[in-house]
Amino acid sequence: MSRVVYVNGKFLAEEEAKISVFDRGFLFADGVYEVTTVLDGKLVDFKSHTIRLKRSLNEITMKAACSDEELLNIHQKLIKANDLEEGCIYLQVTRGVADRNFEYPDDKIPSTLIAFTKKQGIINQPLVERGAKIITVEDLRWGRRDIKTVQLLFPSMAKMEAKSKGADDAWLVNAGKVNEGTSNNAYIVTQDNVIVTRHLSNTILHGITRVAILKCARSLNLTVEERPFSIEEAQNAKEAFVSSSTLCICPVIEIDGQMIGDGKPGVIAQRLREVYIEEAKKSAT
Ligand code: PDD
């Protein structure tokens, strides 16, 4: 059965949904996006996603596409129309349709706003149960990774490189220090049970799940250090894991062929995942 998707004010069957060949999202990757998790038919951390969306838009000097209330309404209607219990909603805003020129078109041109649902298991995921094998890849993305833009070709290339080497995903590194995963934030747990993850800057995406997880870690009396860590430190860590809206937390069991701990999903990562999901369900709207 086809999905109902949202395109510029209309809810349509996915086969009917069309975008212009002149859309700047298509020609220049001139747009930003958000992915919000749905658990029990409710949105997880929706307010934080709207705040980050506005920040991304602001950073590329685009106006808000619509009000927060309209955004919430679009999300809730899509959940209902697609009978979505568990999965996510993808939302994309681009600078709209204009003849191909490098300079931005007049800002009176309406932006393009699309959204669609994806049904997928969030609570039960085979990869989370097994734990992910990671390779490290030099981070060749642009320098504004704090903006959630739709230019995702390099992360896609890095993920394909991981797959071709029998791994599940890649961690992107500069000068031997881990920035983040292709589509997730990266963490290690030291032998003293300290949670380490890279501090916020233009180097990484400011993950919504990251904020929630650090809060859960502190509620479990775990020490958190926000600082760069090296590939070697990660390989010698007690545990490693990644976080994103769709994975929540996924344990990492191998980095560049080196087993982490005993090669099984770590106890702390699993406990954090439980606490995170409990809190996410409680606060979902
Ligand atoms: N990716 N880092 C990068 C590069 C990401 O693309 C993502 C999210 C994250 C985690 O952010 P959050 O916790 O807000 O989901 C970190 C989404 C899920 C995606 O592109 O599908």
Side-chain angles (χ1 to χ4, degrees), residues 1 3-6 14 33-53 71-72 74-92 114-134 148 152 155-156 159 162-163 168-169 180-187 195 197 205-217 219-220 239-253 264-285:
M1 206 181 74
R3 273 173 290 194
V4 174
V5 304
Y6 175 88
E14 62 182 72
Y33 76 107
E34 282 297 326
V35 178
T36 306
T37 300
V38 174
L39 286 177
D40 302 333
K42 291 183 184 164
L43 297 158
V44 175
D45 265 333
F46 185 69
K47 192 161 179 3
S48 303
H49 284 284
T50 62
I51 292 169
R52 187 172 62 187
L53 177 69
L71 271 186
L72 179 60
I74 292 165
H75 279 68
Q76 287 178 333
K77 280 194 171 154
L78 284 177
I79 290 176
K80 203 155 179 233
N82 293 290
D83 202 13
L84 184 66
E85 268 299 296
E86 199 171 307
C88 65
I89 299 189
Y90 177 92
L91 169 90
Q92 178 169 317
I114 63 110
F116 57 82
T117 54
K118 196 168 169 192
K119 272 191 186 163
Q120 65 183 104
I122 301 286
I123 307 291
N124 296 314
Q125 302 193 52
L127 182 64
V128 171
E129 260 150 59
R130 165 166 71 76
K133 292 182 180 177
I134 300 293
K148 201 163 170 59
L152 296 174
S156 205
K159 185 131 188 166
K163 294 276 170 185
D168 301 294
D169 202 357
E180 59 185 334
T182 56
S183 57
N184 43 62
N185 290 118
Y187 308 73
I195 312 279
T197 191
L205 183 76
H206 303 185
I208 306 292
T209 322
R210 180 185 179 280
V211 174
I213 281 164
L214 295 187
K215 198 168 154 207
C216 293
S219 78
L220 292 173
E239 296 186 24
F241 61 90
V242 294
S243 77
S244 73
S245 301
T246 44
L247 283 171
C248 303
I249 286 181
C250 179
V252 166
I253 54 165
K264 298 202 183 82
V267 176
I268 292 180
Q270 290 181 86
R271 179 73 191 123
L272 271 174
R273 190 171 203 278
E274 279 166 18
V275 175
Y276 168 78
I277 288 173
E278 213 176 285
E279 289 303 316
K281 284 189 166 194
K282 257 196 257 167
S283 59
T285 47

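All values below come from the heavy atoms of this structure, side chains included, with hydrogens, waters and symmetry mates left out.
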When every non-hydrogen atom of Ala217 is compared with those of Ile195, the smallest separation belongs to CB-CG1, 4.3 Å
Shortest non-hydrogen contact from Ile208 toward Ser48 = CD1-O, 3.5 Å
Is Asp168 salt-bridged to Arg130, cutoff N-O under 4.0 Å?
-> yes
What pairs of residues pass the salt bridge (Lys or Arg N to Asp or Glu O under 4.0 Å) test when at least one of them lies in residues 33-49, not counting sequence neighbours?
-> Glu34-Arg52, Asp40-Lys281
Who pairs with Glu239 by salt bridge (charged side-chain N to carboxylate O under 4.0 Å, His left out), at least two apart in sequence or on another chain?
-> none
For the side chain of Thr37 and the backbone of Ser245, is there at least one donor-acceptor N/O pair under 3.5 Å apart?
-> yes
Distance-only polar pair, side chains of Ser243 and Asn184, donor-acceptor under 3.5 Å | no
Let me see the working for Glu14 and Phe116 under side-chain contact (heavy atoms from CB on, under 4.5 Å), right down to the final yes or no.
-> CA-CA 9 Å; Glu14 62 182 72; Phe116 57 82; over 6 Å; no
List the atom pairs, with distances to 0.1 Å, where a side-chain N or O of residues 77-84 and a protein N or O form a donor-acceptor pair under 3.5 Å, not counting sequence neighbours.
residue: Asn82; atom: OD1; partner: Val4; partner atom: N; Å: 2.8
residue: Asn82; atom: ND2; partner: Val4; partner atom: O; Å: 2.9
residue: Asn82; atom: ND2; partner: Leu78; partner atom: O; Å: 2.9

Before giving the answer on side-chain contact (heavy atoms from CB on, under 4.5 Å), spell out for Leu91 and Leu71 the whole-Å C-alpha distance, their side-chain angles and the decisive distance to 0.1 Å.
-> CA-CA 9 Å; Leu91 169 90; Leu71 271 186; 3.9 Å; yes
So, the side chain of Glu86 versus the backbone of Ile122: is there a donor-acceptor pair under 3.5 Å, distance only?
-> yes
If you look at every heavy atom in Ile277 and Cys248, which pair is closest and at what distance?
-> CG1-SG, 4.2 Å
Pairs meeting criterion side chain to side chain donor-acceptor pair (under 3.5 Å) with involvement of residues 264-275, two or more places apart | Arg271-Glu274
Which residues share a side-chain hydrogen bond (donor to acceptor under 3.5 Å, both in side chains) with Tyr33, sequence neighbours left out = Lys148
Partners of Tyr276 by ring-ring contact (aromatic ring centres under 6.0 Å, His included), sequence neighbours excluded?
-> none
Run the numbers on Val275 and Leu220 for side-chain contact (heavy atoms from CB on, under 4.5 Å), then give the verdict.
-> CA-CA 9 Å; Val275 175; Leu220 292 173; 4.1 Å; yes
